[in-house]
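These notes are about the structure you will find just below.
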2 protein chains.
Amino acid sequence: MSWKYVLKGYIVNPTSENTLFYDDSCVIIKDSFPKAKYHLLILPRDHKITIKDPKTLTFKEKSRYEKYIVWAKNYILETSKSNGGFDNNIKINDIRVGIHYVPSLANLHIHVITNDFVSDKLKYPKHYKAFNGPFFVDWDQLPLPPPYLTSKEAEMKYIKLQPLKCSHCDYPFKNLPTLKKHLKQEWETKKN
Amino acid sequence: MSWKYVLKGYIVNPTSENTLFYDDSCVIIKDSFPKAKYHLLILPRDHKITIKDPKTLTFKEKSRYEKYIVWAKNYILETSKSNGGFDNNIKINDIRVGIHYVPSLANLHIHVITNDFVSDKLKYPKHYKAFNGPFFVDWDQLPLPPPYLTSKEAEMKYIKLQPLKCSHCDYPFKNLPTLKKHLKQEWETKKN
DNA sequence: GAATCATAAC
DNA sequence: GAATCATAAC
Ligand SMILES: Nc1ncnc2c1ncn2[C@@H]1O[C@H](COP(=O)(O)O)[C@@H](O)[C@H]1O
Ligand SMILES: Nc1ncnc2c1ncn2[C@@H]1O[C@H](COP(=O)(O)O)[C@@H](O)[C@H]1O
Ligand SMILES: [Zn+2]
Ligand SMILES: [Zn+2]
């Protein structure tokens with residue numbers, strides 16, 4: 001199985017180190033390269049759904065997965081609460097749910113991620129911009145009506161040309177290391 | 001002043017956020033991008049010395065800086081001891097002293113670094129290999145007799161072709177993330 | 001030296 | 001998608 005289909009493994013055989021929950025419709029896993037303190041993926045198992053462009057999810061299709069989103073959010077809230085008081089500042093509104101305008105991995109997946117973006121795995125500007133700006137399509141915006149940018153166009157307009165702004169205060173940063181330092185400070189501030 | 005001479009600032013005006021010690025002969029600073037838990041730089045202020053290729057430091061020249069090496073090592077041992085018991089596993093033999101075969105920054109500087117190599121700033125294979133393998137020339141090997149590899153040759157032979165082996169157990173790793181994970185484990189193990 | 005971007009090969 | 005390497009521009 002090529003890297004593009006690496007998420008298929010979870011759908012076919014849901015038992016894994018990363019698996020937090022599964023039933024006949026869904027598998028919920030921890031993202032292996034979390035771009036924030038909490039970063040889960042919801043993977044619909046239905047073949048009709050897993051092969052879809054997530055931008056085109058219908059309201060009917062979406063309705064089937066709402067409860068898994070609730071589960072994932074609740075998992076984050078509860079887990080952070082019980083994490084020795086370290087993460088007890090996470091609120092429901094700190095959690096983002098959505099998809100990438102152009103996913104890299106083939107099987108449809110829904111990101112559920114906290115808005116701290118404090119993570120060692122966040123290494124490149126694209127990692128941040130993919131969750132902050134138009135490349136991140138909020139669950140509530142789906143289905144996103146056509147026309148769609150091509151992959152090249154989206155890369156340019158929705159990633160490369162986007163500024164690096166703090167997810168909390170909108171302050172623009174010249175580069176990723178300074179933004180990351182600031183995000184760490186935002187996180188530490190919230191803790192107190 | 002171009003990036004190549006950024007260390008000159010410390011020599012000209014030793015008072016800075018990073019400065020730990022200075023006198024007429026030397027400035028000792030914290031490396032701004034530490035590649036391990038403790039990473040200091042010793043900067044000779046003597047113009048004749050600062051412009052030298054460090055590989056050619058004579059025994060006579062070296063003798064002038066021995067005491068600053070002692071100071072730097074002692075600083076690391078004492079600081080780690082007083083760091084709330086977090087780093088109290090650092091021993092004198094965990095500290096490496098030396099220079100890079102081909103320095104990037106112009107003013108002669110001596111690295112004093114712990115062998116944990118646990119650091120967010122260690123981002124590329126070269127960062128690790130520059131301290132582990134022939135690219136790192138130990139203080140005790142100086143002066144290094146000619147002939148010298150060219151910069152290109154050193155980059156190939158002393159960096160690119162070198163394996164990524166653990167500084168503690170010599171185990172070879174396929175890539176930097178797996179090595180970093182292992183180094184973190186080595187560090188945590190030593191702590192206990 | 002650091003940071004960004006493009007490009008293979010997986 | 002991740003990881004490595006080469007390449008500008010600072
Ligand atoms: N083997 C894996 N297991 C779990 N998550 C993964 C794996 N490989 C990549 N990912 C994550 O999958 C997501 C795919 O992103 P995207 O296709 O852009 O929506 C990213 O957040 C990756 O970190
Ligand atoms: N502005 C700076 N202040 C302090 N250290 C620095 C600065 N810029 C780079 N460095 C460090 O200087 C060292 C130069 O490495 P090298 O020239 O390869 O011996 C590296 O360890 C860098 O992290
Ligand atoms: Zn902010
Ligand atoms: Zn080891």
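Letters A, B, ... are given to chains in the order of the sequence lines, protein chains preceding strands, and every chain is numbered from 1. None of the values given here were measured: they were computed from a predicted structure.
Nucleic acid contact class of B/Lys180 (heavy atoms, under 4.0 Å, all strands): none. When heavy atoms are screened at a 4.0 angstrom cut-off, A/Pro103 is found touching no nucleic acid atom at all. Within 4.0 Å (heavy atoms only), B/Lys160 reaches sugar-phosphate atoms of the nucleic acid but no base atom.
Both B/Leu105 and B/Tyr124 lie close to DNA chain C; mapped to their nearest nucleotides by heavy-atom distance, the more 5′-ward contact belongs to B/Leu105.
The nearest whole Å value for the distance from the NZ atom in B/Lys181 to the P atom in D/dA2 is 16 Å. The separation between A/Leu122 atom CG and D/dA3 atom P is 13 Å, rounded to whole Å. When rounded to the nearest whole Å, the span between NZ of B/Lys4 and C1' of D/dA9 equals 16 Å. Separating the NZ atom of A/Lys174 from the P atom of C/dA3 is a distance of 15 Å, rounded to the nearest angstrom. Distance, A/Lys129 NZ to C/dA3 P: 15 Å, rounded to whole Å. For B/Lys152 and D/dC5, the NZ to C1' distance is 12 Å, given to the nearest whole Å. Here the P atom of nucleotide C/dA2 and the CG atom of B/Asp120 are 14 Å apart, to the nearest Å. Summarising the geometry, the separation between CH2 on B/Trp3 and C1' on C/dT4 is reported as 16 Å, rounded to the nearest angstrom.
Distances from the side chain of B/His127 to the nucleotides C/dA2, C/dT4, D/dA2 place C/dA2 closest. Distance from the side chain of B/Lys123 is smallest for C/dA3 among the nucleotides D/dA2, C/dC5, C/dA3. The nucleotide whose nearest atom lies closest to any side-chain atom of A/Leu176 is, among D/dT4, C/dA6, C/dT4, C/dT4. The nucleotide whose nearest atom lies closest to any side-chain atom of A/Pro125 is, among C/dC5, D/dA3, D/dC5, C/dC5. Considering only the side chain of B/Asn175, D/dT4 comes nearest among C/dT4, D/dC5, D/dT4. Candidate nucleotides D/dA3, C/dC5, C/dT4 were compared by shortest atom distance to the side chain of A/Leu164, and C/dT4 ranks first.
Relative ring orientation between B/Tyr101 and B/Phe135 is described as tilted, the plane-to-plane angle lying within the 30° to 60° band.
Regarding contacts with the backbone of C/dA2, a side-chain N or O of B/Lys35 is found under 4.0 angstrom from either OP1 or OP2.
Nucleotide D/dC10 forms a Watson-Crick or G-U wobble pair with C/dG1, both donor-acceptor distances falling under 3.5 Å.
If you chain together hydrophobic residues whose side chains sit under 4.5 Å apart, A/Val6 and A/Ile51 never meet in one group. B/Trp3 and B/Phe33 are assigned to two separate hydrophobic clusters, defined by single-linkage of ILVMFWY side chains at heavy-atom distances under 4.5 Å.
Side-chain contact, B/Thr50 with B/Asn107: a donor N or O sits under 3.5 Å from an acceptor N or O.
Ring to ring, A/Phe131 and A/His39 are close: their centroids are under 6.0 angstrom apart.
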